[in-house]
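Numbers here simply count residues along the sequence, with the first being 1.
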Amino acid sequence: MDPDGLLADLDADQRAAVTTESQLVAVIAGAGSGKTRVLTRRIAYRIAIGSAEARHTLALTFTREAAGEMRRRLLRLGLREHVEAGTFHSVMLGVLKQRWADTERRPLTVVSDRRRLLSDSIDAVDRRNLSAYLAEIDWASARGIDAGLYPSAARRAQRHPTPGIDTCAQVYTAFQTLKRRRGVIDFDDVLAHTIRDLRRDEEFAATVRWRFRHVLVDEAQDLNPLQHTLVDLLRAGRDDLFLVGDPSQAVYAFNGADPTLLIDVETRFPGVEIVRLPVNHRSTPQVVAAGVQVLTASGQPSPLVSNRADGPTVEQVVADDELDEARRTVQLIVRCDPNLVRTGEVAVLARTNAQLTAFAEALQVAGIAVRRSATASGSPLQAAVRQAAALGSASRLRGWAHDVLDAPDSPGTGIAAADEPDPERRVAAAVLEFLREQTLGDGATFRAWVATTNPFDDATTDGVDLLTFHAAKGREWHTVIVTGVESSLMPHKSAGTAAAKAEEARLLYVAFTRATDRLVVTRAARRGGYARTVSPFIGDIDLSDAPATPPPRRVRAHVDPLVAAVRAWRDDAARRAGILPSQLCSDRDLDAIVRHRPTSAEELAETTSFGAMTAEKLAPQIVEIVRSVDDQSARSTMTGA
């Protein structure tokens, strides 16, 4: 890797964060300012200049999708050495399994269905409060509070669970007792067990710190107290720590997240170097200004600015009720560019899951698909994963994968769309990646690896995304319709304290800044039969009324020939390289190529996330594909004329 090449497409603030000689660094990064780009470039840059070693680097994040994106970006940057990048729980579970093997202890089983386990530990009459019990156990677990200390801690925190604190304490005790009796743990226990062993066994702690000498944490504003403690234990004696996060996107207080780690970072980490990323590269000035205004209205001003050209004014729709809101939202989507709908560049976001039902039904009536994961139940990709997982041994997996990839025309599952990559080929490439990552005696199964790494997270069906504000975090779309921006929903009626209302404003800020180009805000004058008023968070935002729309019509997706050509190139090149297509070129970059039709390496780098070096390498093929398709289109037009 060329260190200078790794910096070529960074702005001044991003470059400062990546190249600083300090080893204790906190990057305060606003929405759309390039958090993941900075974190992955920091890893690659330090390895390239020799100030860090790949095998001793640990990058921690909160979701499998984010961890998978990190790994893909590092591969695209040219890093071929293994870097440990994963969620807190998956990485620490690996540490625990190795410890159990080294100390010849019987390994504990990690259970994924906590509701069933909790249900087994209580009487049938109490199961109606299952969700309330789980919420209290989650709250306590995130803070490292066991059943014995829960009652006093819950009262100090002024918790008011429906079953009562004492009853919750009894259930919590029974839950912990059942886990010990069965020799199982849940995912919340993974961090607690790791922390306990790091504190009790100095030799084990020294070994873990030797292994993970360079620690990087993504989305640091979402750390809960247990994760804070783990980070402190990992960095002890070395302080080689790189934190990236945005206090304005701290929206997981219900899970124990504590954004003060970044707000008070100078006090918590004496000598830390703070680098701020105040430039949003994702959204238009109008979108960014709307998001900043939401924060300002709640007493949380932000310096975030956009470096993009002006876009349209933020639009608003004031509907009669929730059904009228859904109908008018669908009318807006009908008027969108069909290619944006087809490629998943349109999203409808809501504060609660219950709101989304009306939008799903209205979209179905209009003949517009709702986007879903390609590995969802019954999908071709899921069928191919199940087929591979059934093979069992590594040798059988390897043989199957090579048979599929070496075949000139893989039969696939027979139910994939003509212009989609063959699901068997995608899974076969994933199998080879899985086998490369495994070590002797690891014992991981392919199905478990898929669940942990989510190698197909870019693979989704066509259509509109329907998500809650929380689920939209970390995503982006060309057009975002933020619904229900009204009293009782934003802030939500459950937000009874000033801190809770401030978090609601941050949540709306997250929702607004998912839009790159067009933001529409909708609300209902009446919902559930009750009158509603506009949310206090948006009173000062410059809003224009959305244009009147015709009755819904069915959207017929137009298949751009360039889409098929670029996908075919991507799949063939990835097959020959033995990697996943998404590792070579993500769907978002593919769509950018189709929209902008680059004619040079410079244009390719400017319109995608490739970076200068990768763009230079891929440009000859991509530019030729674009030129060939456009020439053929021009000839067809002339012939038709």
Intermediate values then yes/no, side chain to side chain contact (heavy atoms under 4.5 Å, CB included), R327 and Q331: CA-CA 6 Å; R327 180 184 62 81; Q331 290 176 354; 2.7 Å; yes
Closest contact, heavy atoms only, L10 versus R15: O-NH2, 3.8 Å
Between CG on residue D545 and OG1 on residue T313, distance to nearest 0.5 Å: 11.0 Å
Side chain to side chain contact (heavy atoms under 4.5 Å, CB included) assessment of R506 paired with V510: CA-CA 6 Å; R506 296 195 296 270; V510 167; 5.7 Å; no
Residue E616 excluded, over 12 heavy atoms near CD under 6.0 Å: no
Other residues, nucleotides, ligands: >12 heavy atoms within 6.0 Å of R276 CZ: no
Set of residues satisfying salt bridge (charged side-chain N to carboxylate O under 4.0 Å, His left out) with respect to E603, sequence neighbours excluded: none
Side chains of L356 and T468 in contact at under 4.5 Å (non-hydrogen atoms): yes
Residues R570, D589: salt bridge by 4.0 Å N-O rule: no
Listed partners of E486 passing salt bridge (charged side-chain N to carboxylate O under 4.0 Å, His left out), at least two apart: R527, R532
Side-chain touch E325/V317, heavy atoms, less than 4.5 angstrom: no
V464 side chain reached by W477 side chain, heavy atoms, under 4.5 Å: no
Pair D9 + R41, salt bridge at N-O below 4.0 Å: yes
Residues R371 and D465 bridged, charged N to O under 4.0 Å: yes
Nearest atoms (heavy-atom pairs only) where V623 meets P598: CG2-O, 3.8 Å
Intermediate values then yes/no, side chain to side chain contact (heavy atoms under 4.5 Å, CB included), V482 and L519: CA-CA 8 Å; V482 180; L519 174 62; 3.7 Å; yes
Residues H478, D337; criterion side chain to side chain donor-acceptor pair (under 3.5 Å); working and verdict: CA-CA 11 Å; H478 175 280; D337 180 347; over 6 Å; no
For R42, all residues meeting salt bridge (charged side-chain N to carboxylate O under 4.0 Å, His left out), sequence neighbours excluded: none
H470 NE2 to L507 CG distance, which is reported to the nearest 0.5 Å: 4.5 Å
Nearest heavy-atom neighbours spanning T87 and A67: N-CB, 4.4 Å
Nearest-0.5 Å distance that lies between atom CD in Q249 and atom NZ in K35: 4.5 Å
Sub-4.5 Å side-chain heavy-atom contact between Q355 and V348: no
Minimum side-chain heavy-atom gap I541-V294 below 4.5 Å: yes
Electrostatic pair R76-E69, nearest N-O below 4.0 angstrom: yes
L323 CG to E361 CD distance, which is reported to the nearest 0.5 Å: 8.5 Å
Residue pair V244 / A29: nearest heavy atoms and the distance that separates them: CG1-CB, 4.4 Å
Derivation and outcome, side chain to side chain contact (heavy atoms under 4.5 Å, CB included), residues R514 and R282: CA-CA 8 Å; R514 300 311 94 196; R282 172 198 298 151; 3.4 Å; yes
Any side-chain heavy-atom pair of Y509 and D246 under 4.5 Å: yes
Side chain proximity check, W400 to V427, heavy atoms < 4.5 angstrom: yes
Point-to-point distance, once rounded to the nearest 0.5 Å, from CZ of R73 to OG1 of T614: 12.0 Å
Distance in Å, R523 CZ paired with L489 CG, rounded so as to fall on 0.5 Å steps: 12.5 Å
L332 and R328, any side-chain heavy atoms less than 4.5 Å apart: no
Distance-only polar pair, side chains of T516 and E476, donor-acceptor under 3.5 Å: no
E315 atom CD, over 12 foreign heavy atoms within 6.0 Å: yes
Heavy-atom closest pair, residues A615 and A601: CB-O, 3.6 Å
